[in-house]
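What follows is one structure encoded as structure tokens, with my remarks underneath.
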Amino acid sequence: MTADRLQAASLADPFYYLANARTLVGWVLDHHGDLLLDGEKAQLAAWLGAGREARALLVRMVMRKGEHFRLSRLRYPEIGDPSPAGVELVSLGLVQEGAPIPVEELTDLLTLTELDACFAEAFAGAGLVRATKGMKRDWLCARPEYARSRPFADWWPASQDRLLSLACMPLFERLRLMFFGNLRQDWSEFVLTELGNQRYETVAFTPESRAFRNRAEVDQYLALHRLRARLEQGEAPATLLDALPARLDNDWLAGRQDKLLFTLARAAERAGEEDCAERAYRQSRHPEARLRLARGLERRGRHEEAFSLARQGLAAPRDEAERQGLQRLYRRLYKKAGAPAPVSVTEAAIPTRTLALPPSGERVERLAAEALAGPDAPVYYVENHLFNGLLALLCWEAIYAPLPGAFFHPFHAGPADLYRPGFAERRRTLLDDCLARLENGSYHAAIMARYRQKRGISCPLLAWPALSEPLLERALSCIPPAHLGAILTRLLSDLRGHGSGLPDLIRFLPDGGYELIEVKGPGDRLQDNQRRWLAFFHQQGIAASVCQVRWSP
């Protein structure tokens, strides 16, 4: 199934979610079918061949929390009586009836009144008649006589309800992963969406652009996900660290492994397990791991090791946030390590003006823009939108290049790795070709043509309402290509870190120049990322200042 064959279901159709689920399953079969086992394909074939109500009921169950459902609570107007559909799903082996469940899951399926009816005698004997449901649940889970899982009918023989359990949940979890590229998004996020209400860039999908090259890599992702779930459930970080596999050779999966290692290290720190935290930080290549490791060594009195790590990191910092943190660490430790004092660098003073304005319900940035504007000096409130948008329009083909792990389905607003380390390095040649337009003078026409061609297409770097054609034309006429190239290059070096903190306003001057203005209301102060941008503008000779607003009587 190719992107142009995908059809968005209409919300007017009560079974629209079923059509969307069919789109998802069809996409995975077309693009990842070789990563599925024969038995899994047989399950999907059974579902696709079932009656409409049965197919719809299974999708409704998959979208809900858990794997066990009382038939009486599977009521949907478009499906009607769920019994025939449930019987069909059981006959196909997609759903199981009478599966044994532990008492903990039983308490989730029953109301407090039903729980009291089911265990009336036991609660009376334990003096728990007036206890809360949580207290009764804890008591049941602690009793050895209730430790064995039993079918629902055995737990509560008086009930006339039937329990259906998903027998295909592992398969649908695998489908969800291969479609979304993560397990953070659930089925309802896609299936219950009217797919036609947004436009997406068309990206070519090929076997070479897949994130998962083989089934083993899908299994590796699922294994990492299970380890993270165990951590969230309170398992000891040291146990999970020992269970982690050796470094994975898939760059995309290795990045997820680095993030899990960092999360494990933070959890170990909070638990006071310093040795475990150190091991995890040393194994992780997460951008913040080295700085956290150095701070941990300092905290434990291992000053020479911490200083050595800081000096090593400063020789090749991973990003500006790390450089800033390591510089602070260096200044704290150089005496204890017997090293020379760091060269003192005086930061350039940031040009600041004060603007007295009457109080208003408007945003302070918009009030400042109105006050600073003149007949020949228009001011636009652009915040982070202008330069992020110019980057997207200039480098569109590089951003939407079908690289492995960048796109999983046709409904991506942007590449999955947009804000991950290595985004620019993976596209270096493509990005260099785009940025070369700034040198040959073709950038202005290219950006405006892309703006008119792509306007309205979802892109995480573009806030279309904030970018009018007059604003872009004025910006491209007034901002020298050398300035624009410097700003866009800095953005690309760390889109997550540098994509915010840009000045609020741009003011175009009568002489054809421009200035950038960061607005601060009463009591507001510059943040670190804003200071870094302002320092960068000073180094590049770009006019940038702070406008401090105070309220006038």
Side-chain angles (χ1 to χ4, degrees), residues 319-321 323-324 345-355 365 368-369 371-374 376-395 424 431-432 434-441 443-444 446-448 461 463 466-467 470-520 524-549:
D319 53 39
E320 289 193 30
R323 178 185 58 78
Q324 190 176 56
V345 178
T346 302
E347 291 188 3
I350 300 171
T352 303
R353 74 184 87 185
T354 301
L355 191 62
E365 296 89 352
L372 295 171
D376 299 319
V379 178
Y380 290 86
Y381 176 26
V382 295
E383 206 171 24
N384 302 307
H385 302 316
L386 176 60
F387 291 109
N388 278 292
L390 288 171
L391 173 65
L393 295 170
L394 181 64
C395 302
L431 289 169
D432 287 346
C434 295
L435 294 172
R437 295 176 181 140
L438 294 166
E439 298 177 9
N440 63 32
Y443 70 98
H444 190 142
I447 287 175
M448 294 312 301
L461 295 174
L467 296 180
L471 167 61
L472 288 181
E473 287 283 9
R474 194 73 176 256
L476 293 172
S477 298
C478 295
I479 301 174
H483 288 185
L484 188 56
I487 293 170
L488 299 190
T489 299
R490 185 174 191 268
L491 273 172
L492 284 168
S493 69
D494 181 7
L495 271 170
R496 179 177 290 279
H498 300 331
S500 60
L502 285 150
D504 299 305
L505 310 179
I506 185 167
R507 182 170 182 253
F508 298 110
L509 306 177
D511 62 0
Y514 75 103
E515 65 171 325
L516 302 172
I517 304 170
E518 175 63 36
V519 180
K520 288 296 171 188
D524 199 4
R525 298 163 63 178
L526 287 172
Q527 300 171 11
D528 279 351
N529 59 347
Q530 293 170 336
R531 289 184 178 279
R532 290 194 289 266
W533 267 117
L534 291 167
F536 171 80
F537 293 137
H538 175 77
Q539 294 163 6
Q540 298 294 323
I542 296 172
S545 62
V546 173
C547 177
Q548 187 69 55
V549 174

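All residue numbers in this chain count up from 1 along the given sequence. Just so we're clear, the structure is a prediction, and the values are computed from it rather than from any experiment. We use all heavy atoms of the structure for the numbers below, so side chains are in, but hydrogens, waters and symmetry mates are not.
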Starting from the C-alpha separation in whole Å, work towards a yes-or-no answer on side-chain contact (heavy atoms from CB on, under 4.5 Å) for Asp494 and Glu320.
CA-CA 9 Å; Asp494 181 7; Glu320 289 193 30; over 6 Å; no
From CZ (Phe508) to CD1 (Ile479), nearest 0.5 Å
6.0 Å
Test Leu461 against Leu393 for side-chain contact (heavy atoms from CB on, under 4.5 Å), laying out the working first.
CA-CA 9 Å; Leu461 295 174; Leu393 295 170; over 6 Å; no
Are Glu473 and His444 close enough that some pair of their side-chain heavy atoms sits under 4.5 Å apart?
yes
What's the shortest heavy-atom distance between Gly485 and Leu438, and which atoms?
CA-CD1, 3.4 Å
Non-hydrogen side-chain atoms of Arg532 and Arg490 separated by less than 4.5 Å:
yes
Shortest non-hydrogen contact from Phe536 toward Ala486:
CZ-O, 3.4 Å
Less than 4.5 Å apart, side chain to side chain, heavy atoms only: is that true for Leu484 and Phe387?
yes
Is there side-chain contact between Leu476 and Met448, with heavy atoms separated by less than 4.5 Å?
yes
Here the gap from Asn384 atom CG to His498 atom NE2, rounded to the nearest 0.5 Å, amounts to 12.5 Å
Say you draw a straight line from CZ of Arg507 to OH of Tyr380; how long is it, rounded to the nearest 0.5 Å?
13.5 Å
Residue pair Leu526 / Gln530: nearest heavy atoms and the distance that separates them:
CA-OE1, 3.5 Å
Tell me whether the count of non-hydrogen atoms from other residues, nucleotides or ligands lying under 6.0 Å of CZ in Arg496 goes above 12.
no
Among Ile487, Leu495, Leu386, the one residue meeting side-chain contact (heavy atoms from CB on, under 4.5 Å) with Leu391
Leu495
Testing Leu372, Leu355, Asp504 for side-chain contact (heavy atoms from CB on, under 4.5 Å) with Ile517, which one passes?
Leu372
To the nearest 0.5 Å, atom OG of Ser545 lies from atom CD of Glu515 at 5.0 Å
Quick one: pull up CG in Leu502 and CH2 in Trp533 and give me the separation to the nearest 0.5 Å.
4.5 Å
Which heavy-atom pair separates Tyr443 from Pro481 by the least distance, and what is that distance?
OH-CD, 3.6 Å
Correct closest heavy-atom pair for Val549 and Ala368 would be CG2-CB, 4.4 Å
Measure across Leu467 and Gly389 and return the closest heavy-atom pair with its distance rounded to 0.1 Å.
CD1-CA, 3.9 Å
Determine whether more than 12 heavy atoms belonging to other residues, nucleotides or ligands lie under 6.0 Å from atom NE2 of His538.
no
Rounding to 0.5 Å, atoms CZ (Arg525) and CZ (Arg531) come to a distance of 8.0 Å
Measure from the side-chain N and O atoms of Gln548 to the backbone N and O of Lys520, and report whether any donor-acceptor pair falls under 3.5 Å.
yes
